[in-house]
Every structure is written in structure tokens, then in C-alpha cells.
Amino acid sequence: GYANSVYSSWGVVGGGWYNHDHGTWSHIGGGHDNYISGTAATVGGGQSNRIYSSWSTIGGGWYSFIYSAYSTVGGGHQHWIYAYASTIGGGMYNSAKGYMSRIGGGQYNRALGSYSNVGGGYWNYVYKERSQVSGGQYNYASSYCATVGGGGYNGVYSSYSVVGGGQSNYVYNSHAMIGGGSGNRVYGYNGGVHGGISNSAYGSHSTVGGGWNNRVYNSYTTIGGGYTNNVYSGSATLTGGESNYVYASHGLVLSGGWNRVYAYSATIDGGTYNTAGGSWSSVLGGFSNYATASWGHISGGYNNYAGGESSTVGGGSSNIAQYHGYIGGGASNEMYDSYSVIAGGYDNIIYTEHARIGGGRLNYIYGYSDSIGGGGYNTAYGSWSSVHGGFSNIAGTSWSVVGGGYDNAAYATWSWIGGGFYNRAYGPWSTVAGGYANSVYSYSGTISGGRSNSVYASWGTVLGGYVNRVYGTYGTVSGGYVNWATGTGSTVGGGYTNSVLDDWGTISGGTSNTVYAERDTITGGSSNYVYAYAATITGGWDNTAKGSYSTITGGAENLVTGSYSTVNGGQYNLALSQAATVRGGLANEARNYVTLVGGGRYNTVYSSYSTISGGEGNVVYYSHSLLTAGYGNYLAGYGSVITGGYENYGAGTHSTLVGGTYNSVYSPYSNVQGGYSNVASGYAAALHGGYNNVVSDEYATVTGGVTNTASGESSTVTGGDSNTATGEYATVTG
């Protein structure tokens, strides 16, 4: 070598030039301008290396300096060791100032803390005891037991914390960790960011798994990943998504974007712009949903609102559920009270509790525990009322029901409408089963169907038909058109323009029939009228019954005015007194008490207990008389009889006229047995036929012939022509 110097005992310079060994047992192997001043130090070679302490070593390189004992520089360029037992393996411009610190290589690295370590890299700094930077560039371990694994521009500023790698990651609290990524920050004790970009963990024991620009501000919270997510409360979790926020402890956002959790243990599973604002509330997905009350739940959909405790929205759009309420789906459904259900549909609203809407559109509930099954524009106002379906129906008070149809309304308690169109139930317990424009105004009234029918009285019933009316309690109209049941218990079976105007009356059918009195009956026909109690018309046309318990069994234009009187048919017949009877025919008249016309025409009975059996134009004027047949016969004697014939006249009491023509009886107990133009004018006289015969005294007899006369008491003419018996007991034999 050349110009080398050894100044102490047992020092060695192996070669090179301008090397200077001032330390005992020190050794310089070679190189140029190397210097040792410490005991047992070694410089293996290189240039301008300096050891100023004992038992230290520089293996080679140039311009390296050791100022503390037991230190080592393996090689490289311009290294500095200022602390005891420190090591620099190589590289350039590295500096070890911490006790037993170590730099493996790289350049411009600094190990400033005791037991600190820089594995390599560029411009890495370890400031505190037992800290480490494994590599990378511009990394800083500024606190006790801090670690940076690599990367660039990373910093650990608190003890027992780690940055595994990445870029510009910083840990500001102890026992914290950043695994990698870029621009991440940990400010909380035992916090962690596993990776990603610009993530921050501010709370103790908080964690960000990855993603970008995520923030955790409270203890024991976690963000798994995603973008611009924020957690502000303790023990909360946000697993991913974008721009999600958790403001309450134990809150959870699993995914999605722009979601917000504001309450304890609330959850958002996904979707966008969702809000969980109540404790234990949850939103599973969808867009712009709000669960703002405790245990509120929204499964998905758009712009839904669970605003009451334990409320649920299954999905749909713009739905609002309140306390313990449930909306299954649909759109713009709302409830403003508790324990209600809307299964689906559109624009349905519940304003009270324990109510239910199954679906449909624009249905509204205002009453407690009401229900609407579906349909559209239906409304329930009263408690426990229901509309099962249809369109524009109203259940207007408690326990009212509308089954379906269109524009039906049940306004009274326990009223029921089954269906149809424009039906109304105004009375409690009233029923309209169906039809069109039917109305019940009374208690327990019923309309089964038809059109424009009305019930105004309690327990009234219309079974069908058109424009029928019930005004009487227990009244019934079974069908037909424009029928009225006005009296209590009145009944119209059918037909057209029939009216029962008093109690318990009945019209079975027909047209324009009218009952004016109690318990009357018309079974059919047309324009029949009953005015008296318990009277009956069984059919026919324009018949009138004005007597109590009277009866007309048919025919036309018959009149009954007496109690218990009867007309059995025919036309223009009259029964005008009590128990009078006309059994048919034409224009017959029974005008007195217990009179009878059996048939025929133009027959008239004027006196009681009398009878005309038939014929034409017969007249009875006295009671207890009988006229059996014939034409134009006239009976004017009490208890008298005409059995037939033509224009016979009977005026004697208990007299008898048995047929013939133009015969006359004027005296009591007289008898004409036939013939023509015979006259019996004597008491108990008898005339047995012939022509133009006369019996004019009592007990006189003519037995036949022509123009015979018996004018003496008990006189007799037995026949012949123009015979006369004028003496008492006189006899002419023929």
C-alpha cells in the first residue's frame, strides 16, 4: 500500500493508501482514505470511511461514518451511525441514530429510535423505539413499536401501529393498522384500514376494509369497502357501496349508495338513497326509502316510508306505513294510524288503526278496524266496516259492508250491500244484495236485487223488480214494477203498479191493484181495489172490495161493500151488504144482508136472506125470498119463491111462483105453478097453469084453462075457458 498509518497497538492496515488506524486491535483491510479511532474496529475497504467507536465495522463502500460502539455498515455510500450496536447493510445516505437500530439498505433512510429498523427503500424515517420501516420511500414510523411495511409516503405516528404498504397512508393512534392502499388515515385506537384510497378510521377499534374515501368516526365500527361511505357512531358496520352514512350505534349498511342509517341497530341492505331512521329499523333495498321508526322495515321499492314503530313496507313506490302497519307493495299507498295493512294497489290511504286494504286504487279507510279488499275509489268510514271490492263504494258507518259493484253506499250500522250499482243502505242491519239504484232507509230492511227499489220501513223486503217501494214494517215486495207495500206486514208478490197501503195486506201480482185496509189480499189481476179489513180479490179486472172479510174471486168491475160478502167472478156484479154473495154472471147485485145471486145477469136482490140462483133481469125485494132462474121476474113478498119463468111477479108473503110467463102472486101463501099471465091475489090461493087465469079470494084454486076466475072463498075452477067461481066453496070443473 501507500501512505497508510497504524497508531495503536495491534492495529492492522492490510493495504491501500492513505488509510489511518488509531484504534487498538483495529483493522483496515484496504481501500483509500479510511479511518479508525476505536478499539477493535474494522474497515474492510472502500474510501473515506470513518469509525469513531469500538467494536464497530464498515465492510466497504465510501464516505460512511460510525460514531457508536458495536455498530456495522455493510457497504454503500455515505452512511451515518450515531447509536450503539446499530447496523446499516448498504445503500447510500442512510443514517442510524437509535440504540441498536438497523437499516438494511436503500438510500436516505433514517433509523432514529432505539431498536428501530429500516429494511430498505428511499427516504424512510423511523423516529421511535422498536419501530420499523421495511422498505419503500418517504415512509415514517414516528412512534414506539410502529411499523411501515413498504410503499411510499406512509406514516405511523402512534405506538404499536402498522402501515403494511401503499402510498400516503397515515396512522395517528396506537395499536392501529393500515394494510395498504393510498391516502388512508387511522386516527382511532386499535383502528384499521386494510386498503383502498383515502379511507379514514377515526374511532377506536374502528375498521375500513377498503374502497375509496370512506370514513369511520366512532369506536368499534367497520366499513368493508365502497366509495365515500361514512360511519359516525359506535359499533356500527357499513360493508360497501357508495356515499352511505351510518349515524347511530350498531347500525348496518351492507351495500348500495347514498343510504343513511340514523338509529340504533338499524340496517340498510342495499339500494340507493335509503334511510333507516328508527332503532332496529331496516331497508333491504330499493331507492329513496325511509324507515324512520323503531323496528320499521322496508323490503325495497321506491320512495317508501315506514314511519311507525314495527311498520313494514314490502316494496312498491311512495308507500307510507305507520305503527305496526304493513304495506305489501303497490304505489302511493299511505296509512296514518297503527296496526293497519295495505297489501298492494295504488293511491290507497288508511287514516285509522287496525284497518286493512287488500289492493286496488284510490281506496280510503277512516274507521277503526275497517277493511277494503280491492277495487277502486272505495271508502270505509265506520268502525269494523268493510268494502270487499268494486268501484266507488262506501261503507259509511260501523259494521257496514259493501261486497262489490259500483257506487254503492252502506251508511248505517250493520248494513250490507252485496254488489250492483248505485245501491244505498241507510238503515241499521239493512241489506241490499245487488241490482241498480236500490235504497234501504230503515232498520233491518232488505233489497235482494232489481232496480230503483226502496225500503223505508223496518224489516221491509224487496226481492227484485223495478221502482218498488216498501213503507210498512215487515212489508215485502217480491218483484215487478212500481209496486208499493205501505202497511205493516204488507206484501206485494209482483206485477205492475200494485200498492198495499195498510197493515198485513197482500197483493200476489197483477197490475195497478191497491189494498187500502188491514189484512186484505189481492192475488192478481188488474186495477183491483180492496178498502175493508181482511177482504180478498183473487184476480180479475177493476174489482173493488169495500166490506170486511169480503171476497171477489175474479171477473171484472165487480164491487163488494158488505162485510163477509162475496163475488165469485163475472162482471159488474155488486155485493153491497153483509154476507151478500154474487157467484158470477153479469151486473148482478146482492144488496142486502145474507143475500145471494148465484149467477146470470142483471139480477138484483134487495132484501136480506134472499137468493136469486140465476137468470136475467130478476129482482128480489123482500127478505128470506128465493128466485131460482128465469127472466125479468120480480119477487116482492117476504119468504116468497119464484122458481123460473119470464117476467113473473111475486108480491105475497110466503107465496110461490113456479115458472111461466107474466104470472103474478099478490097474497100471502099464494101459489102459481106455471102458465101465462095468471094472477093469484087471494090468501093461500093456488093457480096451476093455464092462460090469463085469476084467483082472487082466499083458498081459491084454478087448475088450468084459459081466462078462468076463482073469486069466492075456497072456490075452485078445474080448467076450461072463461069459467068463473064466485061463491064460497064454489066449483067449476071445466
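Heavy-atom basis, side chains included; hydrogens, waters and symmetry copies ignored.
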With sequence neighbours left out, the residues meeting ring pair (Phe, Tyr, Trp, His ring centres under 6.0 Å) with Tyr93 are His77, Tyr108

Contacts of Ser385 meeting side-chain hydrogen bond (donor to acceptor under 3.5 Å, both in side chains) (sequence neighbours excluded), chain-then-number -> Asp370

Only distances under 3.5 Å count here; give the side-chain donor-acceptor pairs of residues 424-433 to other protein atoms, sequence neighbours excluded, each with its distance to 0.1 Å.
residue	atom	partner	partner atom	Å
Arg424	NH1	Asp407	O	2.6
Ser430	OG	Gly427	O	2.4

Residue set satisfying side-chain contact (heavy atoms from CB on, under 4.5 Å) with Ala355, at least two apart, ordered chain then number -> Ser340, Ile350, Thr352, Ile365

Sequence neighbours excluded, the answer for side-chain hydrogen bond (donor to acceptor under 3.5 Å, both in side chains) partners of Thr237 is none

Side-chain atoms of residues 307-318: list all donor-acceptor pairs with protein atoms under 3.5 Å, sequence neighbours left out, distances to 0.1 Å.
residue	atom	partner	partner atom	Å
Ser311	OG	Gly308	N	3.4
Ser311	OG	Gly308	O	2.5
Ser318	OG	Asn303	ND2	3.2

Applying ring pair (Phe, Tyr, Trp, His ring centres under 6.0 Å) to His194 and not counting sequence neighbours gives none

Applying side-chain contact (heavy atoms from CB on, under 4.5 Å) to Tyr273 and not counting sequence neighbours gives Trp258, Phe287, Ser288

Across all chains, not counting sequence neighbours, the ring pair (Phe, Tyr, Trp, His ring centres under 6.0 Å) partners of Tyr364 are none

Residues passing the side-chain hydrogen bond (donor to acceptor under 3.5 Å, both in side chains) test with Asn117, sequence neighbours excluded, are Arg102, Gln132

Residue pairs passing the salt bridge (charged side-chain N to carboxylate O under 4.0 Å, His left out) test with at least one member in residues 172-189, sequence neighbours excluded, are none

Applying side-chain hydrogen bond (donor to acceptor under 3.5 Å, both in side chains) to Ser219 and not counting sequence neighbours gives Ser204

